[in-house]
Amino acid sequence: MIRFFTHTILLVLLMLQFSAHAQKQNAQNPILFADVPDASMVRVEDTYYMSSTTMHLSPGVPIMKSKDLVNWELVNYAYDRLGEVDAINMENGKNAYGRGSWASCIRYHNGTFYVFTFAATTGKTYVFSTKDIENGPWNETSFEPSYHDLTVHFDDDGKVYMIWGAGKLMIAELESDLSGVKKGTERVLIENASAPAGDNIMLGAEGSQLFKINGKYYLFNITWPRGGMRTVLIHRADNINGPWEGRLALQDKGVAQGGLIDTPDGKWFSYLFRDYGSVGRIPYIVPVKWEDGWPILGIDGKVPNTLDLPPSEGLIPNIVASDEFKRKKNDVILPLVWQWNHNPVDSLWSLSNRKGFLRLTTGRTDETLVDTRNTLTQRTIGPVCQGVTSIDVSNMKEGDNAGLVLLQKNYGWVGATQVKGKKKIVMVLGNDEGEKIVEELPLDQNTLYLKASCDFTDKKDVAWFYYSLDNKNWKRIGSELKMSYTLPHFMGYRFGLFNYATSQTGGLVDFDYFRIKNELD
């Protein structure tokens, strides 16, 4: 009897081990545990390309590529700078937090890639086009006004259609050179696109994405019933002019907003995203089957945890990456993982003034970190991550603040400040009401090591800050940062390297490296 139970237990353990091993051989949802929202995708032969949203950051509209829908690599941006208006340049007291560009639409037509987006900050709609999406160059066309959450479709008859709006969806033809809307073609496409989700709607149907498959038109939207969750809607028509028939397509975990993509071997998936607390809006892939000409999303109406796709190889170094700031002759100055918080002032940052270091120099005085330009950022990732840097503070000036931040509206940072000729190590909490020093310590040396750790597990959304004087012995400083996703910034927390002045300009700091990993010490 004992031998029987022993064999039974061993068998169960072997089965559990086999099951765990099998899961590791498959992709897991979310496919990217990072802020990659508002995805739009195309497949060109065996390669997928995806555009996404990064709001006020510069460069903008990230372009990623994949061979398997799971492992994605940043390969380009649609633009370096989005206009030269005060809000995006962070001048004259204005900023573009939570604005800039979003909900882009990527298309491939007759050998050319197109990325369409819009920006309320400039009041324009943009068309970026290139033959070589990974290397450019990009051509830019823009026109007014700014069309919200637009999708563009190149139809078989040569006409180009654009759909946009929220709740009431509009459609118009574009000029053949994409220079604007054809006069007289604008009209209502669907009066109340939210209707399939009921009549008590908090967020009207938006995020349009249009596809033509086997001669039929399929329009994807997101809506949000009051008291419910983010929901996928699909409308279908035999003619782009209608009539349109709509249905609720998916209502699970709040996974929504996206579209359809097929594989070279004929499988279908839907790409969507989920609000996941302070790490941001994270992408999911959902299997699709077809019934009676309708795409059926999920497994029995649910978003699966595992997928019949290759496993993830991790987000480092293709989505986020460490940087030693050492550059060889033909290296890119800034790898694609980096984005500036708003348009930068290029004369005030350098990777060549001191080789092997990122130098940030102050050019004006500001009240808080979120007011300043030239903060260099990259994504945080889940479920846990940490960033580490080393900073030389020997050339700071009175009133300067520099260090490592976890950036959103409710932010925290660790670094150095200079007050009355003396340097201090500080941990600071900040929000739209200002900054508060939580803890400060004397600093009697020029090199300071800094670390920020994030835990997004099960939306725990907490972070801690550390310092070291020798890069060996680390001490926690200040208080825990309770991270929160807020609409004023409309993005997940980002690591940032910064230097800002409060009293006088011209102070500079040198960052030796930035190192990120997906575990906590």
Side-chain angles (χ1 to χ4, degrees), residues 32 35-44 47-66 72-85 87-89 96 99-144 146-154 160 162 164 174 177-180 207-209 258-259 271 281 283 318-319 332-344 377-379 490-491:
L32 296 172
D35 192 48
V36 185
D38 303 333
S40 179
M41 283 189 199
V42 293
R43 177 175 63 83
V44 180
T47 304
Y48 306 93
Y49 293 96
M50 172 171 66
S51 64
S52 181
T53 288
T54 46
M55 296 290 179
H56 48 275
L57 302 180
S58 176
V61 188
I63 308 297
M64 304 179 187
K65 79 168 182 178
S66 174
W72 293 89
E73 175 188 2
L74 273 163
V75 293
N76 211 337
Y77 289 93
Y79 63 79
D80 288 326
R81 301 168 73 92
L82 183 68
E84 297 298 331
V85 299
I88 298 174
N89 286 340
R99 293 176 291 146
S101 67
W102 67 92
S104 59
C105 171
I106 187 171
R107 293 290 181 258
Y108 180 74
H109 180 67
N110 289 343
T112 298
F113 290 92
Y114 298 89
V115 175
F116 301 83
T117 191
F118 64 100
T121 40
T122 62
K124 293 181 179 181
T125 297
Y126 295 85
V127 185
F128 301 97
S129 60
T130 182
K131 296 286 187 181
D132 186 348
I133 195 168
E134 296 187 36
N135 301 294
W138 292 90
N139 297 313
E140 177 185 327
T141 300
S142 64
F143 53 86
E144 295 179 345
S146 173
Y147 289 95
H148 174 79
D149 276 17
L150 61 90
T151 184
V152 174
H153 174 67
F154 294 85
V160 186
M162 179 175 68
W164 72 95
L174 294 181
D177 61 358
L178 308 180
S179 61
S208 293
Q209 296 202 30
Y271 54 89
R281 298 178 289 168
N318 292 323
I319 303 298
V332 295
I333 299 176
L334 279 179
L336 295 171
V337 295
W338 291 112
Q339 289 173 285
W340 297 99
N341 180 40
H342 291 66
N343 284 345
T377 80
Q378 61 173 288
R379 293 171 178 84
F490 223 139
M491 66 172 52

**Report entry** Side chain proximity check, Arg379 to Pro62, heavy atoms < 4.5 angstrom
**Finding:** yes

Query raised in the report: Between Phe128 and Phe113, does the ring centre distance come in under 6.0 Å?
Result: no

Query raised in the report: Is there side-chain contact between Pro37 and Ser52, with heavy atoms separated by less than 4.5 Å?
Result: yes

Requested in this report: Taking salt bridge (charged side-chain N to carboxylate O under 4.0 Å, His left out) as the test, write out the residues that go with Lys65, two or more places apart.
Outcome: Glu134

Query raised in the report: With sequence neighbours left out, what residues match Thr377 under side chain to side chain contact (heavy atoms under 4.5 Å, CB included)?
Result: Leu57, Gln339, Asn341, Thr375, Leu407, Arg494

Query raised in the report: Does His153 use its side chain to pair, donor to acceptor, with the backbone of Val160 at less than 3.5 Å?
Result: no

**Report entry** Side chain to side chain, Glu140 and Val127, heavy atoms closer than 4.5 Å
**Finding:** no

Query raised in the report: Between the main-chain N or O of Pro344 and the side-chain N or O of Arg81, is there a donor-acceptor pair closer than 3.5 Å?
Result: yes

Query raised in the report: How about Leu336 and Tyr77: do any of their side-chain heavy atoms sit closer than 4.5 Å?
Result: yes

Report summary line: Residues passing the side-chain hydrogen bond (donor to acceptor under 3.5 Å, both in side chains) test with Ser142, sequence neighbours excluded, are none

Requested in this report: Would you confirm whether the ring centroid of Phe490 sits within less than 6.0 angstrom of the ring centroid of Trp102?
Outcome: no

Query raised in the report: Less than 4.5 Å apart, any side-chain heavy atom of Ile133 and any of Ile106?
Result: yes

**Report entry** Atom pair CG/CD1 of Leu74 and Ile63 - distance to nearest 0.5 Å
**Finding:** 9.5 Å

Report summary line: To the nearest 0.5 Å, atom OH of Tyr271 lies from atom CE of Met50 at 10.0 Å

Report summary line: CE of Met41 to OG of Ser66, rounded to nearest 0.5 Å, is 8.0 Å

Query - Side-chain donor-acceptor pair present, Asp177, Ser179, cut-off under 3.5 Å - result: yes

